[in-house]
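Within every chain, numbering begins at 1; the chains are lettered A, B, ... in the order of the sequence lines, protein sequences first and strands thereafter. Values below: all heavy atoms of this structure, side chains included; hydrogens, waters and symmetry mates excluded.
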Amino acid sequence: MDFIAELEWRGMIYEMIPEVKNYLSDPGAAAYVGIDPTADSLHIGHLVSIMLLRHFQRAGHKPILVLGGATGMIGDPSGKSEERNLLSEEIIRKNEEGIKKQVSRLLDFNDKQNGALLLNNYDWMKDYRFLDFIRNVGKHITVNYMMAKENVKRRISGEVGEGLSFAEFSYQLVQANDFLHLYKNFNCKLQMGGSDQWGNITTGIELIRRATGGEAYAITCPLITKADGTKFGKTEKGNVWLDPDKTSPYEFYQFWINTSDEDAERYIKIFTELDKPTIDELIIKHRTAPENRLLQKKLAEELTMMIHGSKALEIAKTTSEFLFGNGSIDLLKNLDLASILYIFAAIPQFKISHEIIAQGIGIIDLLTNNTNILASKSEARRMIANNGIYLNKQLVNDENLIINENFLIQNKFIVIQRGKKNYFLIIAE
RNA sequence: GGGGAGGUACCAGAGUGGUCAAAUGGGGCAGACUGUAAAUCUGUUGGCUAAGCCUUCGGAGGUUCGAAUCCUUCCCUCCCCA
């Protein structure tokens with residue numbers, strides 16, 4: 001497999017240094033991607049980097065993931081309009097653990113030839129003394145060169161943001177030093193990243209050239225955008241995480257299902273490893289009948305499978321079919337307990353005492369005090385007035401409705417919908 | 001060190017003694033239409049025991065019948081000059 005050709009048809013190359021083709025002509029090359037460990041889980045914004053490394057490994061090369069433990073303590077000024085919060089060492093280590101667990105499933109770390117590596121730049125930066133750093137690294141790069149970088153210029157000119165601290169200004173040097181470190185210790189001559197990283201990567205190349213006379217390369221991929229201009233990877237609830245405790249596999253699956261038609265054609269190439277003929281065929285089919293959302297379904301399946309595995313995918317699909325398909329409430333009445341819990345495994349659940357239901361409870365209280373389905377009683381009233389609450393698939397239009405045992409399915413469950421899409425299961429026990 | 005501007009709800013941003021739970025826009029939530037899409041349109045967007053009441057305009061005090069608005073003080077941010 002030709003790595004570059006593969007990325008090209010997938011639309012994953014934004015800019016590259018052409019000579020990189022020679023470097024990759026034989027298997028066994030090494031490349032790295034950097035990720036800031038700002039949380040103890042990756043989110044789907046990191047997925048492009050991971051995919052780059054997966055393709056790289058499939059092409060017979062050695063992928064290296066560098067966690068920016070040190071750089072995360074500084075904050076990359078790229079694309080930021082203001083300085084970010086600095087992370088403590090303790091947090092960075094904790095985040096490293098979480099990320100390590102996730103990545104170990106996505107890259108092959110065991111292959112003798114081209115097994116993946118996970119490194120943390122904190123390890124080679126923590127004891128690097130300031131004087132040594134400015135003598136070894138700082139003397140090779142002029143301030144003029146650093147100031148010419150687009151992201152720095154914008155911040156200094158005051159066009160964007162609030163001025164640039166010295167710490168942030170130094171960021172590109174620290175990242176450049178990472179590249180130098182990998183070049184020297186792992187014979188790694190290629191750095192990949194999002195297009196916003198171009199400036200940082202080329203500083204690294206420059207440093208390698210000046211410090212060692214060696215040659216190194218860069219490939220950047222386009223930043224993932226959405227057709228409607230909003231930020232990719234965010235939902236109302238925030239980031240879409242890879243950690244199933246932060247974003248359930250069902251929510252994860254739903255995120256991809258809800259991809260727009262335009263975006264789906266790009267995403268399927270970037271986020272799945274389906275081959276070109278398969279994808280071309282899917283796209284043609286999808287264009288003739290977009291309402292079937294073939295692309296979205298395939299996208300969601302492939303990704304949920306890759307991140308969460310077959311069991312979680314099955315639950316996500318079953319749940320989706322029930323909730324958005326023709327799943328009538330009668331279905332629940334005939335299912336056994338285990339099956340119901342299975343379908344609703346991915347749905348927020350609230351337990352309340354059977355006694356409370358037996359005594360009868362107002363719908364408003366049920367939604368707010370006894371569960372956290374809605375934040376306040378005002379909101380509950382508002383939502384009911386707006387026809388936004390369904391109880392067992394029945395529209396609730398009386399805010400004084402009293403819930404009692406008659407509403408329980410199998411004398412145990414109540415299904416609440418907030419809007420058409422948000423389901424909650426109340427379990428009386 | 002000197003000078004200036006400013007901190008208002010999720011964000012941006014009006015409001016400069018009562019008619020202010022606070023304009024407007026964005027965002028969010030919901031409804032209609034749909035394909036669980038996009039676009040569009042509509043409603044809503046501090047809380048509560050709800051025609052009423054309570055807590056909000058950086059913090060703390062004060063003036064006043066009455067304060068987001070005036071005074072004192074503290075904290076914070078930005079800009080210009082050195």
_Span that lies between the C1' atom of B:A21 and that of B:U34, in whole angstrom_ = 37 Å
*Provide, to the nearest angstrom, the distance between the CG atom belonging to A:N422 and the C1' atom belonging to B:G31.*
14 Å
_Applying the Watson-Crick and G-U wobble criteria at under 3.5 Å, what pairs with B:G46? Answer none if nothing qualifies._
B:C54
*If we call it a pair only when both distances are under 3.5 Å in a Watson-Crick or G-U wobble match, what pairs with B:G6?*
B:C76
*Hey, which sits more toward the 5' end of RNA chain B by its nearest nucleotide, A:P290 or A:R382?*
A:P290
*Would you say the side-chain atoms of A:Q197 and A:Q191 include a donor-acceptor pair closer than 3.5 Å?*
no
*B:U63: pairing nucleotide in any strand, Watson-Crick or G-U under 3.5 angstrom*: none
*Provide the distance between the two P atoms, one in B:U73 and one in B:G27, to the nearest whole Å.*
43 Å
*A:I373 CD1 to B:C29 P: how many Å, rounded?*
17 Å
_Quick check on contacts: within residues 374-381 of chain A, what sits under 4.0 Å from RNA chain B by heavy-atom distance?_
A:S376, A:K377, A:S378, A:R381
_What's the gap between B:U64 and B:C29 when it is taken at their C1' atoms, as a whole Å value?_
41 Å
*May I have the distance from A:Q296 (atom CD) to B:U34 (atom P), rounded to whole angstrom?*
19 Å
_Distance, C1' atom - from B:C48 to B:G43, rounded to whole angstrom_ = 23 Å
_Residue pair A:F133 / A:V174, side-chain heavy-atom distance below 4.5 Å_ = yes
*Which whole-number value in Å describes the distance from A:I384 CD1 to B:A30 C1'?*
13 Å
*asked:* Between A:F271 and A:W256 (judged by ring centroids, cut-off 6.0 Å), do the two rings come close enough to count as a pair?
replied: yes
*Round to a whole Å and report the spacing from NZ of A:K421 to C1' of B:U34.*
12 Å
*If we take the P atom in both B:A9 and B:G13, what is their distance in whole Å?*
11 Å
_First of A:T368 and A:I257 reached from the 5' end of RNA chain B, by closest nucleotide_ = A:I257
*Between B:U42 (P) and A:M383 (CE): distance, integer Å*: 20 Å
*Pick from A:T259, A:D261, A:D263: which one makes a side-chain hydrogen bond (donor to acceptor under 3.5 Å, both in side chains) with A:Q296?*
A:D261
*Can you tell me if CD on A:Q394 sees more than 12 non-hydrogen neighbours from other groups inside 6.0 Å?*
no
_Can you measure A:N386 atom CG to B:U44 atom C1' for me and round it to whole angstrom units?_
6 Å
_With a 3.5 Å distance limit and no angle check, can you tell me whether A:E302 reaches the backbone of A:L274 through a side-chain donor-acceptor pair?_
no
*Whom does B:G1 pair with, Watson-Crick or G-U wobble, provided both distances fall under 3.5 Å?*
B:C81
*Is it true that A:K297 and A:E301 make a salt bridge, defined as a side-chain N closer than 4.0 Å to a carboxylate O?*
no
*Could you measure between the two P atoms, the one in B:U63 and the one in B:U69, and give it in whole Å?*
15 Å
_Strand partner of B:U24, provided both Watson-Crick or wobble distances fall under 3.5 Å_ = B:A12
*Give a yes or no on whether a donor-acceptor pair under 3.5 Å exists between the nucleobase atoms of B:G35, that is its base, and the side chain of A:D261.*
yes
*Cationic N near anionic O, under 4.0 Å, A:K246 to A:D40*: yes
_Does B:U36 have OP1 or OP2 under 4.0 Å away from a side-chain N or O of A:K297?_
no
*Could you check whether A:Q254 gets within reach of a base, just the sugar-phosphate, or nothing at all, counting any heavy atom under 4.0 Å?*
base
*In whole angstrom, give me the gap between the C1' atoms of B:C70 and B:U16.*
9 Å
*Nearest of B:A30, B:G35, B:G31 to any side-chain atom of A:R418?*
B:A30
*asked:* Could you tell me how far apart A:K298 (NZ) and B:A37 (P) are, to the nearest whole angstrom?
replied: 22 Å
*Tell me what A:N387 touches on the nucleic acid: a base, only sugar-phosphate, or nothing, going by heavy atoms under 4.0 Å.*
sugar-phosphate
_Checking base pairs now: Watson-Crick or wobble, both atom distances under 3.5 Å. What partners B:C41?_
B:G31
*Looking only at atom P, what distance separates B:G6 and B:A82, rounded to whole Å?*
23 Å
Return all side-chain donor-acceptor pairs below 3.5 angstrom for residues 379-391 of chain A, not counting sequence neighbours, or 'none' if the list is empty.
residue: A:E379; atom: OE1; partner: A:A375; partner atom: N; Å: 3.4
residue: A:R381; atom: NE; partner: A:E399; partner atom: OE2; Å: 3.2
residue: A:N386; atom: ND2; partner: A:R382; partner atom: O; Å: 3.4

